[in-house]
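Reviewing the structure listed below.
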Amino acid sequence: KNQVEQSPQSLIILEGKNCTLQCNYTVSPFSNLRWYKQDTGRGPVSLTIMTFSENTKSNGRYTATLDADTKQSSLHITASQLSDSASYICVPQSGGSYIPTFGRGTSLIVHP
Amino acid sequence: DVKVTQSSRYLVKRTGEKVFLECVQDMDHENMFWYRQDPGLGLRLIYFSYDVKMKEKGDIPEGYSVSREKKERFSLILESASTNQTSMYLCASSPPTGPGELFFGEGSRLTVL
């Protein structure tokens, strides 16, 4: 069964600091992996997508990495802002299926 | 801009009532999904639909049914609401060429008393 483990479950950092969120998955066959950001009380929004051949991809202050061999991904946030406070959800997707597997998310709180 | 609209942001219902949650997308997407989200459990798939009048059970379909009479509209029905169905319900759509990005609505927070 496809599984996704995210760590840490929650994280509190000070504004301006960096942080890294981790994701381990067992989806097979692997097609791509997305990171979604979910603000409190809103629906998730895609931040970035990683395909099998990509190791690193940036979207502003967000940088995602992917190691398809070890089935690990990370999301690095640089110079955090208060608006980064949200849940970050790792979503690997199996090839041939349009139903993704959602991780439980990491809840990030950025304090001033 | 891509848009998925859920009819109600907040609902309060009584145990035993029939509840309809409506979702409309304007992207001409074939695939539509209903999830529920509870603290610590993440998003869990209730039902999905890959075409008009087509539906498939997700991981937790018990106590729910769905209707897709038109491509743009996907409804979630709670035939007899129970307190354990108090949750945030999220509708999403995605294009037919999978695996694609899911576009979510704002969510409907349902409280069953």
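Note: hydrogens, waters and symmetry copies are ignored here, and every other heavy atom, side chains too, is used. Just so it is clear, the model here is predicted, and its values are computed rather than measured.
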I'd like to know if [Y] and [X] are part of one continuous hydrophobic network [Ile/Leu/Val/Met/Phe/Trp/Tyr, side-chain heavy atoms within less than 4.5 Å].
X	Y	answer
B/Tyr89	B/Phe74	yes
A/Val91	A/Leu47	no
B/Tyr50	B/Val24	no
B/Trp34	B/Ile60	yes
A/Met50	A/Phe102	no

### Query
Counting heavy-atom pairs under 4.5 Å to chain A, which of B/Met88, B/Glu56, B/Gln37 comes out on top?
B/Gln37
### Task
Enter the distance from B/Phe104:CZ to A/Tyr36:OH here, rounded to the nearest 0.5 Å.
6.0 Å
### Task
Find the distance between OG1 (A/Thr101) and CG (B/Leu45) and round it off to the nearest 0.5 Å.
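Rounded to the nearest 0.5 Å, the OG1-CG separation comes to 10.0 Å.
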### Query
Does any heavy atom of chain B fall under 4.5 Å from the side chain of A/Gln38, the backbone, both, or neither of them?
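The side chain, not the backbone.
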### Query
Counting distance only, does the side-chain N/O of B/Arg109 pair as donor-acceptor with the main-chain N or O of A/Gly41 below 3.5 Å?
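No.
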### Task
Report yes or no: does A/Arg104 contribute a side-chain atom to a donor-acceptor pair with the main-chain N or O of B/Gly42 at less than 3.5 Å?
no
### Query
Heavy atoms, side chains only, cut-off 4.5 Å: are B/Leu102 and A/Pro44 in contact?
no
### Query
Can you check whether B/Phe33 reaches A/Ile99 side chain to side chain, under 4.5 Å on heavy atoms?
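When only atoms from C-beta onward are counted, A/Ile99 and B/Phe33 do touch, with a gap below 4.5 Å.
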### Query
What part of B/Arg44 gets closer than 4.5 Å to chain A, counting heavy atoms only: side chain, backbone, both or neither?
neither
### Query
For B/Leu90, is it the side chain, the backbone, both or neither that has a heavy atom under 4.5 Å from a heavy atom of chain A?
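Contact with chain A: side chain only.
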### Message
Could you check whether atom CD of A/Glu5 has more than 12 heavy atoms from other residues, nucleotides or ligands sitting under 6.0 Å from it?
### Response
no
### Task
Write down the atom of A/Arg42, the atom of B/Glu106, and the distance for their closest heavy-atom approach.
NE-OE1, 2.5 Å
